[in-house]
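Please read these numbers as outputs of a predicted model, since none were measured by experiment. Residue numbers count from 1 along this sequence.
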Amino acid sequence: MEVAKKAVAATGLGNAMEWFDFGIYSYLAVTIGKVFFPEMTGGVQLIYTFATFAVAFLVRPLGGLFFGMLGDRLGRKKVLAMTLIVMAISTLSIGLIPSYTTIGSTATILLLIARLVQGFSTGGEYAGAMTFIAESTPDKKRGVMASGLEVGTLIGYIAGAGLVTLLTFILGSETMVNWGWRIPFLIAGPIGFIGFYLRNRLEETPAFEAMEEARNDRQHLSMKDIFISHWRTLLIGMIVVFFYNVVNYMVLSYMPSHLSAVLGYGETKGLLLVVIIMLIMVPIVIMMGYFGDRIGAKRIVQGGLIGLIFLSIPSFLLIASGNIWMVFLGLMMLAVFSSSFQGTMPSLLPSLFFTEVRYGALAITYNISASLFGGTTPLVVSWLINLTADRLVPAYYLVFASLIGIFVVTYFVKDTTGKSLRGSPPAVEEKQEIRDVLEKPEEALWWKEEKNKIDEP
C-alpha cells in the first residue's frame, strides 16, 4: 500500500506540473491574443488564440502513438519521466518568444511550434499517468486513489490560474501584455526538473513487471495488432473520452475566457471565480472516486451525464445573469458534474484495456478523441458564439455530448469496479482478499473468456 501511495503522490504531483505548464496558456488566452495577434480584435482575436490552443491537440495522437508504444515496451516509469521534461522545455520556450510587434509573424510561427511540442508531450502524459496509477493500486481502492491524478490536474490548473490572476491584479492588464505574461512560462523549467527527479525515483508498476516476467519470448503487439484485435474497445473509449474532454475543457479551459471576453466580467474576476470553483472541486473529485469504489464508477458517470442533460442550459443562464452569486451557482453546478467524471475516469478508462496494450491503446484512444473534440471545444464554442451571437452555445454543446455519452456508457461500458484489471492478476490490500481469490479463481480472473475471444485466430 505504501508503494501505491508513493505512486499516486509522485504521479499526481508530476501531472500537476504538466498541467500547470499546459493550462497557463488557457488562462492567458486574452493576453496572448493581444501579444501575438494584435491586428485582430475582440472575438476574432480570441478565436485565433484558441486556434493556436487547438493546434497542440493535432499532434497529440502522434505523441500518444510514440510514447504509448514505448510505454508498453520500456515500461511506464521511464516514459512518464520523458514526457515531463519535453513539456517543461517547450513551455519555457514560449516565455522566451519575442512579441509580434518585435519580429512580426515569426513570433506566431514560433508559438505554433512550441505548442506542437507541448501537444506531442501531452500525448504520452495523461494516458501514461492513468495507466501507472491504475496498475499500482489495490483493486478495491482503484477509484479513490486514481482520483488523485485529477486532483493533480486541478492543482496544476489552480496554480496556473492563481498565478495569472495574482500577476494580473498586481501588474495590471497593460504590463501583463508588455512582459508580465512571460513569468508563468519561465517558471516551467525548474518545475519540470523537480517532476523529472520525482518520477525517476518511482518503481515500475507491478502489473507491467508481472506481464514482462510472463512474456517469455513473445513479441510485443504492433500498432496493427492493437487496431485489429481491440478496435471495438478503442471506439468505445474514444466516445467516453469525447464527452469527458468536452466537459473538462469547457469548465477548466474555456470558462475564464467566456466570462471575460463574452460576458464582460473582467479578466481578474473571471479567473478568480474559476480558481475558487476548482479549489472546491478538489474534495468533490476525491469523494466521487470514493463512492465510485462503492457503488460503481459507471453509476457515478451516468449520474453526471443525466445532470448535464437537464441542467446545462439553466447553469449557463445563471452564469449570464450578471449577479455574482448566480454566476457562482451556475459554475458550481457544472463543476459538480465535471467532478463526477474526474473522480472516476482515471480508474475507468485504463480498465477498458488489457495490460499488454494498455498504455498504447489508451494513448491512442484518449489522444485521438481529445484532439478531435477536447482541445477544439474552446475554438468551436468561440466560433459558434461569434457566428450566432447566442451565449447559450456552450450549454447546447454540453447537452449534445452528454446525450451521446449516456447511450454509450449505459449499453457498451462494463463496470469492473473492485475487480482486477483486464490481463492482470488481482491487486489486493489485505490478507483476507488473498483467501477470497484462491477460493474463487474464476471470479478473480473474470477477463479470461474475453481474452480468449481476442486471441482466437
Side-chain angles (χ1 to χ4, degrees), residues 11-12 14-15 18-19 22-23 53-72 76 79-80 82-84 86-87 118-135 142 146-147 149-150 152-153 156-157 205 223 226-227 230-250 252-253 297 301 338 341-377 401 404-405 408-409 412-413 416 421-422:
T11 311
N15 201 52
E18 182 97 4
W19 289 100
F22 199 74
F53 178 82
V55 156
F57 289 79
L58 296 177
V59 293
R60 274 185 68 161
L62 297 177
L65 287 171
F66 178 77
F67 289 117
M69 298 307 285
L70 271 186
D72 283 331
R76 300 12 177 157
V79 175
L80 278 175
M82 202 185 305
T83 60
L84 200 57
V86 175
M87 173 62 83
Q118 273 192 324
F120 191 78
S121 163
T122 311
E125 163 63 26
Y126 194 66
M130 279 194 289
T131 299
F132 194 95
I133 289 187
E135 292 183 352
R142 190 185 305 136
S147 69
L149 183 64
E150 278 301 328
T153 301
Y157 272 124
T205 70
M223 188 59 57
I226 292 176
F227 276 105
H230 300 270
W231 67 268
R232 187 175 182 273
T233 317
L234 288 169
L235 189 58
I236 292 168
M238 282 181 196
I239 298 171
V240 172
V241 173
F242 156 65
F243 72 77
Y244 176 39
N245 269 264
V246 166
V247 177
N248 234 3
Y249 284 99
M250 190 77 77
L252 300 181
S253 297
V301 172
S338 179
F341 308 142
Q342 290 178 306
T344 51
M345 287 297 180
S347 59
L348 188 148
L349 286 168
S351 71
L352 294 174
F353 302 101
F354 283 86
T355 304
E356 61 185 350
V357 298
R358 185 168 295 121
Y359 197 156
L362 187 52
I364 294 165
T365 294
Y366 197 91
N367 290 298
I368 289 177
S369 193
S371 297
L372 293 174
F373 310 111
T376 57
T377 294
I404 293 173
V408 171
V409 170
F412 297 101
V413 173
T416 59
L421 290 167
R422 285 176 167 88

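Summarising the geometry, atom CD belonging to E135 is positioned 11.5 Å from atom OG belonging to S351; distances are rounded to the nearest 0.5 Å. Remark: L235 CG to I368 CD1 distance equals 10.5 Å, nearest 0.5 Å. With rounding to the nearest 0.5 Å, the separation of CD1 in I236 from CZ in F353 is 9.0 Å. Put simply, CG on L362 and CG on L234 are 10.0 Å apart, with the number rounded to the nearest 0.5 Å. The distance from atom CG of L84 to atom CD of E125, rounded to the nearest 0.5 Å, is 6.5 Å.
P61 and S371 get closest at one heavy-atom pair: CD-OG, 2.9 Å. Of all heavy-atom pairs spanning G119 and V59, the tightest one is C-CG2, 3.8 Å. For the residue pair L65 and I364, the shortest heavy atom distance occurs at CD2-CG1, 3.6 Å. Contact detail for G64 and N367: the closest heavy-atom pair is CA-ND2, 3.6 Å.
Contact of the V301 side chain with the F243 side chain is registered, since non-hydrogen atoms from C-beta on lie closer than 4.5 Å. Taking 4.5 Å as the limit, every side-chain heavy atom of T377 sits out of range of all side-chain heavy atoms of N245. Residues R422 and T355 have side chains not in contact (no heavy-atom distance under 4.5 Å, counting atoms from C-beta outward). At a threshold of 4.5 Å between non-hydrogen side-chain atoms, the residues T344 and Y244 do not count as touching. The shortest distance between side-chain heavy atoms of T365 and V240 does not fall below 4.5 Å. In this structure the side chain of L421 reaches within 4.5 angstrom of the side chain of R358, judged on heavy atoms. At a threshold of 4.5 Å between non-hydrogen side-chain atoms, the residues T153 and Y157 count as touching. Residues F341 and N248 are not in side-chain contact: their nearest non-hydrogen atoms beyond the backbone lie 4.5 Å or more apart.
A distance-only check finds no donor-acceptor pair linking the side chain of R76 to the backbone of G128 [under 3.5 Å]. Of the possible donor and acceptor atoms, one in the side chain of Y359 sits under 3.5 Å from a partner among the backbone N and O of G124. Side-chain N or O atoms of S147 include none that pairs as donor or acceptor with a backbone N or O of G343 at under 3.5 Å.
Taking the six-membered ring where the residue is Trp, F373 and F242 present perpendicular rings, their angle passing 60° and hence far from 30°. Classification of the Y366-Y126 ring pair by plane angle, with boundaries at 30° and 60°, yields tilted.
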side-chain contact (heavy atoms from CB on, under 4.5 Å), that's the test. Do T83 and S121 meet it? Break it down for me. CA-CA 5 Å; T83 60; S121 163; 4.0 Å; yes
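Of the residues T131, L149, I133, the one that meets the side chain to side chain contact (heavy atoms under 4.5 Å, CB included) test with P346 is L149.
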